[in-house]
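See below for the structure under consideration.
As the structure is a computational prediction, the values presented were derived from the model and not from experiment. Every chain is numbered from 1 and lettered A, B, ... according to where its sequence line falls, protein lines coming before strand lines.
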Number of protein chains: 2
Amino acid sequence: MADPLSTRAREIATVARDVLEREGPDALTMRRIAEVMGIRAPSLYKHVPGKDALEVAITIAGFEEAAAGFEAATDGAADPLAAFVGAYRAFARRHPHVYRLMTDRPLPRADLPPGLEERTAAPLQRATGSPARARAAWAFIHGMVLLELTHRFPEDGVTEQAWQVGIAAMQREA
Amino acid sequence: MADPLSTRAREIATVARDVLEREGPDALTMRRIAEVMGIRAPSLYKHVPGKDALEVAITIAGFEEAAAGFEAATDGAADPLAAFVGAYRAFARRHPHVYRLMTDRPLPRADLPPGLEERTAAPLQRATGSPARARAAWAFIHGMVLLELTHRFPEDGVTEQAWQVGIAAMQREA
DNA sequence: TGACGAAGCTAACGGTGTTAGCCAATGTAG
DNA sequence: CTACATTGGCTAACACCGTTAGCTTCGTCA
């Protein structure tokens with residue numbers, strides 16, 4: 001399933017990601033991607049097996065960028081947990097549509113480069129010290145990010161307090 | 001926008017909810033809903049303005065059921081926070097597709113019965129004591145539920161530990 | 001020169017939400 | 001009782017979606 005993508009296929013995946021980030025998930029259509037590339041939709045299938053494969057490619061690129069960001073932020077940080085939260089939140093804010101694509105559905109684990117999932121999870125694992133604490137912390141951060149992205153919270157200062165409350169609780173826990 | 005639904009419209013909304021719960025979001029199609037009702041898709045539009053309105057109706061029904069469950073669970077409970085978590089998790093497990101529909105997108109606040117959002121949020125508000133703590137707790141619970149629903153966690157006992165860790169952290173916080 | 005593969009194209013299929021317009025049944029007013 | 005309007009079905013169709021089939025055009029290489 002995970003054939004390494006040809007050069008042209010990687011171009012398509014890059015355009016797909018751009019379209020998603022700039023125009024949102026509704027615009028992520030084969031016809032729109034093709035239009036941006038100056039070709040017709042069916043031609044994409046000479047290079048890519050289908051839309052799903054493009055979404056997987058975007059997901060992989062997202063995880064790689066996220067993992068690198070998490071590592072850079074936490075590496076040698078005085079407060080690794082706070083640093084992780086900052087990096088996680090920054091990634092989700094910078095790439096909200098990609099973040100949703102990465103997290104809304106079950107992970108296509110069979111198509112992911114081996115070790116990528118673990119690599120992405122490792123910085124939080126190290127910052128919290130135990131798998132259970134890592135999962136709880138991840139849930140809090142993921143939940144906060146999603147509730148912010150879906151405009152669930154009133155836009156007041158209370159949300160910032162909630163971040164602090166949650167981080168403090170995790171600190172004391174760790 | 002929020003005309004009160006006619007009898008037939010409420011029937012349609014009920015069928016729509018059944019289809020969503022039983023067959024998943026991909027099956028939630030105007031043609032499928034019509035098929036279950038024994039009519040053709042365009043006839044639905046004699047009663048309902050469009051698919052969006054049905055999704056809003058399902059969302060409202062979901063919030064009303066959830067709010068009632070939260071109230072029943074926390075009312076007079078020895079440990080209101082734990083009781084709330086149990087009720088929240090139970091609702092999400094019992095109606096995973098409805099839960100996703102309710103939380104994946106921005107709330108259609110203009111079409112919601114006045115006070116419903118606040119009513120749903122109130123039990124957690126009471127259990128945590130402050131808006132900031134309520135938001136943090138909600139984020140944790142929402143994140144845990146979603147990560148479970150999207151099979152993000154390995155299915156081992158650690159997830160149950162993570163629930164306990166998170167609840168304990170919120171307890172101490174409150 | 002001739003064969004062949006790569007990479008584009010158009011046409012089309014079955015699916016989606018939705019609109020237009022028709023028609024039969026029903027209920028109501030004169 | 002008749003005449004009319006409203007209700008609630010219907011079919012046909014549109015624009016969009018992902019995708020497939022099949023054609024063509026071009027560059028490479030024997």
Side-chain angles (χ1 to χ4, degrees), chain A residues 1-60 97-98 100-101 104-106 108 110-111, chain B residues 1-60 97-98 100-101 104-106 108 110-111:
Chain A
M1 22 212 65
D3 313 7
L5 297 176
S6 70
T7 306
R8 188 65 165 152
R10 261 179 284 116
E11 277 180 47
I12 296 173
T14 301
V15 169
R17 181 178 175 163
D18 281 4
V19 168
L20 175 63
E21 295 205 329
R22 288 211 263 262
E23 306 175 30
D26 290 349
L28 188 63
T29 67
M30 298 302 276
R31 285 173 174 84
R32 177 65 187 137
I33 295 166
E35 185 186 9
V36 171
M37 302 194 70
I39 63 178
R40 304 304 179 113
S43 303
L44 297 173
Y45 291 81
K46 296 288 164 148
H47 308 282
V48 159
K51 192 186 180 185
D52 289 353
L54 289 177
E55 294 178 341
V56 169
I58 295 172
T59 298
I60 292 174
H97 298 305
V98 172
R100 299 289 311 250
L101 183 66
D104 268 355
R105 57 199 79 198
D111 300 323
Chain B
M1 21 211 67
D3 312 8
L5 298 176
S6 70
T7 306
R8 188 67 165 152
R10 262 179 282 116
E11 276 181 48
I12 296 173
T14 302
V15 169
R17 183 181 173 160
D18 281 2
V19 169
L20 174 62
E21 294 206 327
R22 289 212 262 263
E23 307 174 31
D26 290 349
L28 189 62
T29 292
M30 297 303 274
R31 285 172 174 84
R32 176 67 186 135
I33 295 166
E35 185 187 9
V36 170
M37 302 194 68
I39 62 178
R40 304 303 179 115
S43 303
L44 297 172
Y45 291 82
K46 293 287 158 114
H47 309 280
V48 158
K51 193 186 179 184
D52 289 354
L54 288 177
E55 294 178 341
V56 169
I58 295 172
T59 298
I60 291 174
H97 298 306
V98 172
R100 299 290 310 251
L101 183 66
D104 268 355
R105 57 198 76 196
D111 300 323

**Report entry** Stepwise side-chain contact (heavy atoms from CB on, under 4.5 Å) test for B:Leu20 and B:Glu55
**Finding:** CA-CA 10 Å; B:Leu20 174 62; B:Glu55 294 178 341; over 6 Å; no

Requested in this report: With sequence neighbours left out, write down each residue that passes side chain to side chain contact (heavy atoms under 4.5 Å, CB included) with B:Val15, or none if nothing qualifies.
Outcome: B:Val19, B:Ile33, B:Val36, B:Met37

Query raised in the report: Rounded to the Å, how far apart are B:Lys51 NZ and D:dC17 C1'?
Result: 13 Å

Query raised in the report: Where along residues 11-30 of chain B does a heavy atom come under 4.0 Å from DNA chain D, residue by residue in number order?
Result: none

**Report entry** Minimum-distance pair of heavy atoms, taken over all atoms of A:His97 and A:Pro25
**Finding:** ND1-CD, 3.4 Å

Requested in this report: Could you state the atom-to-atom distance from OH of B:Tyr45 to P of D:dT11 in whole Å?
Outcome: 16 Å

Report task. Heavy atoms only: give me the nearest A:Leu28-A:Ala16 pair and the separation to one decimal. Result -> CD1-O, 3.4 Å

**Report entry** Closest heavy-atom pair and its distance - A:Met30, A:Leu44
**Finding:** O-CD1, 3.3 Å

Review item, nucleotides 8-12 of chain C N/O atoms under 3.5 Å of protein N/O:
unit_1	atom_1	unit_2	atom_2	d
C:dG8	OP1	A:Arg8	NH2	3.1
C:dG8	OP2	A:His47	NE2	2.5
C:dG8	O6	A:Lys46	NZ	2.8
C:dC9	OP2	A:Arg40	N	2.6
C:dC9	OP2	A:Ser43	OG	2.8

Query raised in the report: A:Arg31: what forms a side-chain hydrogen bond (donor to acceptor under 3.5 Å, both in side chains) with it, not counting sequence neighbours?
Result: none

Report task. Using the test side chain to side chain contact (heavy atoms under 4.5 Å, CB included), find all partners of A:Ala9 that sit at least two apart in sequence or belong to another chain. Result -> A:Leu5, A:Ser6, A:His47, A:Val48

Query raised in the report: Which residues pass the side-chain hydrogen bond (donor to acceptor under 3.5 Å, both in side chains) test with A:Glu23, sequence neighbours left out?
Result: A:Arg32

Report task. Grab the CG-C1' distance between B:Asp52 and C:dT16 for me, whole Å please. Result -> 13 Å

